[in-house]
Student: 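Please find one structure pasted underneath; my questions will follow.
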Amino acid sequence: MPWNESTRSPRPIPSAYLPPHLRHQPTFTVTIPTSLARSSSRRGGGGGGRGRGRGFRGGRAPNPPRSYGRSRRNFSDDDPNPYNQKIMPEPPFDISEKFDELEVIDDDPSGVNNINAYDETPVETSGFDVPPPVTSFSEIDFCSGLSDNIKRCQFVKPTPIQRYAIPVAMAGRDLMACAQTGSGKTAAFCFPIITRILRDHHQLKSPTKKIDRNGGGGGFSLKTIMACPLALILAPTRELSCQIHEEAKKFSYKTGVKVVVAYGGAPIVQQFRNLEKGVDILVATPGRLVDMIERAKVSLKNVKYLALDEADRMLDMGFEPQVRKIVQQMEMPPAGVRQTMLFSATFPIEIQRLASDFLSNYIFLAAGKVGSSTDLIAQRVEYVHDADKKNHLLNLLRAQRANGKHALTLVFVETKKGADALQSWLSMKGFPSMAIHGDKVQMERERALKSFRSGLTPILVATDVAARGLDIPHVAHVINFDLPRDIGDYVHRIGRTGRAGKPGLATAFFSDKNAPLAKALVELMQEANQEIPPWLNEYTETSHAYGSGGSRSSRFSGVKFGGHNYRRGADNENYDYSNQFEDGTALESYPSQSSPYSSHDSRADFPTSSRADSFHEGFYGHMLDHRTVVASGWD
DNA sequence: AAAAAAT
C-alpha cells in the first residue's frame with residue numbers, strides 16, 4: 001500500500017463493510033481495502049470543479065505523490081493541515097460539487113483558536129438516563145476513519161452541544177437539542193450517524209435495491225432502482241442542504257459511507273444518478289424528497305437515523321404537513337425504531353410539542369440560553385425611518401469602507417422585491433453586491449452565494465432564505481435593514497456572524513412598524529448583555545412579551561422559546577427528576593480558560609460584550625417556565 | 001404580512 005503507515009498506528013479497516021457501489025457485486029465476505037474502493041469509484045464521478053479547484057492549491061509545495069499513483073491530491077497523513085490550506089479533499093465518491101469551488105481562504109476554519117469562547121456555556125439536560133457528556137473527541141469511540149477526518153477538519157475540542165449530544169446520539173437515544181448559532185450542530189449529528197452506520201450496518205446488503213413491482217412472484221418484471229438510505233437529514237433550504245452535504249462528505253471521507261443530496265431547483269435526473277451509485281446518508285429538502293419518494297426512486301423503509309436541522313422551522317406552519325408526511329406516512333420506521341434527532345437554535349414551546357410526536361423517550365439538551373443569541377455578537381439597534389433606510393445603509397457602508405474593512409456584510413430585507421431593489425441600488429452607488437431570494441433560479445442563488453463567500457461582491461442582500469444555518473466564514477456584519485416580525489428569525493439572521501467562537505457585529509434598523517418586536521428584542525439583548533438604547537425601551541410598553549405577530553405562535557402569544565423542555569412544566573408522567581436541581585434543571589458550567597478575543601484579531605476592535613454573570617439570572621427559560629404552563633395551556 | 005419548499 002502506498003499509504004504511509006509508518007508514523008501512526010495501523011489503520012483498521014472496517015472489517016466487513018462494503019462500500020455501497022461494491023455491495024451488489026458478487027463478493028465474498030471480503031475486506032475491501034478502502035483505497036481500492038476509492039479508485040474504482042472515482043472514475044465514475046462527474047467532472048465538477050476539479051480543474052478550477054486545483055487553482056487554489058497552486059501555492060502549495062507538492063507532496064510526493066503517495067496516493068494510488070495518481071497525480072490528484074489526496075489527504076495524506078503527513079499533511080498537518082489540509083483544510084486550512086484550502087485543499088479540498090478529493091471527494092472519494094461522486095464528484096458533482098459545484099460548491100467545491102466556493103471554498104475561500106479561511107485561516108481558522110473551525111474556530112480552533114477561539115473555541116474556548118464556549119467554555120462557559122451552561123448545558124441543561126433532561127430525560128431518562130442521560131448519557132454523561134465527554135470533554136474530548138478522543139473519549140468517544142468513533143471509527144478510525146471518522147477520527148482521522150475530525151482531525152483533518154481541525155476539530156480539536158468539542159463544543160458544549162457536541163460534548164453532550166454526541167454521547168446521547170451514540171447511545172442511540174432520541175434527541176431534541178438547542179444550541180446557539182454557529183456552535184457546531186451539524187457535526188453533532190453527523191459524527192454519530194457515520195459511526196453507527198459503520199459499526200452497526202456494515203453487513204447490510206445494498207442500499208440500492210431492485211424492487212419487483214410485480215409483487216415478487218418471480219418471472220419477468222419491471223425493475224426500478226430504488227435508493228434506501230440508512231440515514232435521512234432534512235433541512236429547510238436548498239443551500240443549507242448543500243452545505244450539510246459538503247460537511248457530511250468531509251466527515252465520511254474514505255470511510256465508505258456515501259452521502260447524497262437532493263433538493264429542488266436542480267435537475268432531478270442528476271440526483272437520481274447520484275442515488276443509483278448508492279447512498280447511506282441522504283440530505284434533502286422536503287419537497288424534492290417527497291417527489292422522489294412518489295416516483296419510487298427513494299424509499300425510507302431502511303431509515304435508522306433521522307435528523308431535522310433547523311427543526312423548529314421544519315415544523316412551523318409552512319413545512320409541518322410536508323415533514324409530517326415524510327416522517328409519518330411514507331414507510332419511515334416509527335419513532336422508537338428509528339433514531340430521531342432534532343436540532344435548532346430556537347425552539348418555541350408549541351413547536352417542541354409538535355416535535356415530540358416524532359420522538360420516543362427523548363433527551364432534551366439546551367446549550368446556552370435557548371433562543372438567545374451568543375454574546376459573541378455585538379448587537380446594535382438604530383432608529384431609522386423607513387424612508388431614510390437606504391441612505392443610512394449607504395452611510396454605514398461608506399464608514400465601514402473608510403475604516404479599511406473588507407468585511408463581508410449580509411443585509412436582510414423583508415421581501416424578495418425589496419432585495420432586488422436594494423441590491424441594484426447599492427450596485428449603482430458603487431457597492432458591489434448580489435441578492436439572494438427564493439424567486440431567483442437556483443443557479444442565480446448559488447452564484448450570489450459563491451460571489452459573496454469569495455469576497456468578489458462583499459455585500460449580499462437577502463431574504464430569510466439566507467437566515468438559517470448557512471455557515472459563511474468571515475461574515476463580519478449582519479444588517480437587519482428590515483427587522484423580521486419574529487424574534488426567532490432575528491436570532492437566526494444575526495447568527496450568520498459570530499460563528500465558531502469568532503466575534504461579529506449585528507446592526508438593526510428599527511422603525512415604528514417594528515414596535516411589536518421591541519419587547520422581545522430588548523429582552524434578547526439583555527440576555528446577551530447588550531447595550532439597550534434608551535429610546536427602544538419606550539416601545540416595549542406597547543409591545544408584547546416575546547412578541548411576534550407571528551402566525552405560528554399567535555395562538556400561543558406570550559410564549560416563545562422554551563429554555564427548558566416543555567415537558568417540565570407540563571403534565572408529564574414518567575418523568576425523571578432525579579439528579580437535577582429542585583427546579584428540575586441539571587446544570588453544568590465551564591470555567592473560562594482564556595479570553596476568546598486575542599489582541600491581534602483583526603476584528604478585536606469590534607464592540608464586544610461581557611458574558612452573563614449568572615446562568616440562573618440569565619437563563620431565558622427560567623422566566624418562561626412558569627408562563628409555559630399558564631399560557632400554552634395545551635390549547 | 002413574508003419567506004421557504006416540487007414541477
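Chain letters run A, B, ... following the sequence lines, proteins first, then strands; residues in each count from 1.
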Student: Keeping to residues at least two apart or across chains, list the ring pair (Phe, Tyr, Trp, His ring centres under 6.0 Å) pairs with something in residues 479-500 of chain A.
Tutor: A:F481-A:F509
Student: Using whole Å, report how far CG of A:N480 lies from P of B:dA2.
Tutor: 18 Å
Student: Could you give the CD-to-P distance, from A:E239 to B:dA4, as a whole number of Å?
Tutor: 10 Å
Student: Please determine if a side-chain N or O atom of A:T237 lies less than 4.0 Å away from the OP1 or OP2 oxygen of B:dA5.
Tutor: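 False: A:T237 side-chain N/O out of range (4.0 Å or more) of B:dA5 OP1/OP2.
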Student: OP1 or OP2 of B:dA4 sitting under 4.0 Å from any side-chain N/O of A:K416?
Tutor: yes
Student: Which residues pass the salt bridge (charged side-chain N to carboxylate O under 4.0 Å, His left out) test with A:R496, not counting sequence neighbours?
Tutor: none
Student: Nearest-Å distance, NZ (A:K417) to C1' (B:dA3)?
Tutor: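 Result: 16 Å.
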Student: Does A:K416 have any salt bridge (charged side-chain N to carboxylate O under 4.0 Å, His left out) partners at least two apart in sequence or in another chain, and if so, which?
Tutor: A:D439
Student: Calculate the interatomic distance between A:L308 atom CG and B:dA4 atom C1'; express it in whole Å.
Tutor: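 My rounded result for the distance is 16 Å.
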Student: Looking at DNA chain B, which of residues 319-326 of chain A put a heavy atom within less than 4.0 Å of it?
Tutor: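 Within residues 319-326 of chain A, the residues near DNA chain B are A:F319.
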Student: State, with a plain yes or no, whether a side-chain heavy atom of A:L306 is found less than 4.5 Å away from one of A:L342.
Tutor: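 No, their side chains stay 4.5 Å or more apart.
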Student: Distance check needed: B:dA5 P versus A:K440 NZ, whole Å only.
Tutor: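 That distance rounds to 14 Å.
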Student: Of all the nucleotides listed (B:dA5, B:dT7, B:dA1), which has the minimum atom distance to the side chain of A:D291?
Tutor: B:dT7
Student: Sequence neighbours left out, what passes salt bridge (charged side-chain N to carboxylate O under 4.0 Å, His left out) with A:K325? Give chain and number order.
Tutor: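 A:E294.
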Student: May I have the distance from A:R445 (atom CZ) to B:dA3 (atom C1'), rounded to whole angstrom?
Tutor: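 Those two atoms, CZ and C1', are 11 Å apart.
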Student: Using only modelled atom types and a 3.5 angstrom limit, is any donor from either the side chain of A:R288 or the base of B:dA6 paired with an acceptor on the other?
Tutor: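 Answer no: no donor N or O sits under 3.5 Å from an acceptor.
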Student: Look at all strands and tell whether A:G318 reaches a base, only sugar-phosphate, or nothing, counting heavy atoms closer than 4.0 Å.
Tutor: base
Student: Give a yes/no answer on whether the side chain of A:R238 brings an N or O atom under 4.0 Å of OP1 or OP2 in B:dA6.
Tutor: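 So the side-chain polar atoms of A:R238 do come within 4.0 Å of the phosphate oxygens OP1 or OP2 of B:dA6, strictly under.
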Student: Would you say A:R313 reaches B:dA4's phosphate, i.e. side-chain N/O to OP1/OP2 under 4.0 Å?
Tutor: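 Answer no for this pair, as no side-chain N or O of A:R313 is under 4.0 Å from OP1 or OP2.
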Student: For A:V465, which contact category applies under a 4.0 Å heavy-atom criterion: base, sugar-phosphate, or nothing?
Tutor: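 Result for A:V465 = sugar-phosphate.
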Student: With sequence neighbours excluded, give me every ring pair (Phe, Tyr, Trp, His ring centres under 6.0 Å) pair touching residues 274-309 of chain A.
Tutor: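 Pairs touching residues 274-309 of chain A that pass the test: A:H201-A:Y305.
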Student: What is the distance, rounded to the nearest whole Å, between atom CG of A:L289 and atom C1' of B:dA4?
Tutor: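 About 16 Å, once rounded to whole Å.
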Student: For the side chain of A:Q243 and the backbone of A:D471, is there at least one donor-acceptor N/O pair under 3.5 Å apart?
Tutor: yes
Student: Under 4.0 Å between a side-chain N/O of A:T285 and OP1 or OP2 of B:dA6, yes or no?
Tutor: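 True: A:T285 side-chain N/O within range (under 4.0 Å) of B:dA6 OP1/OP2.
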Student: Nearest whole Å is fine: how far is B:dA3 C1' from A:M317 CE?
Tutor: 12 Å
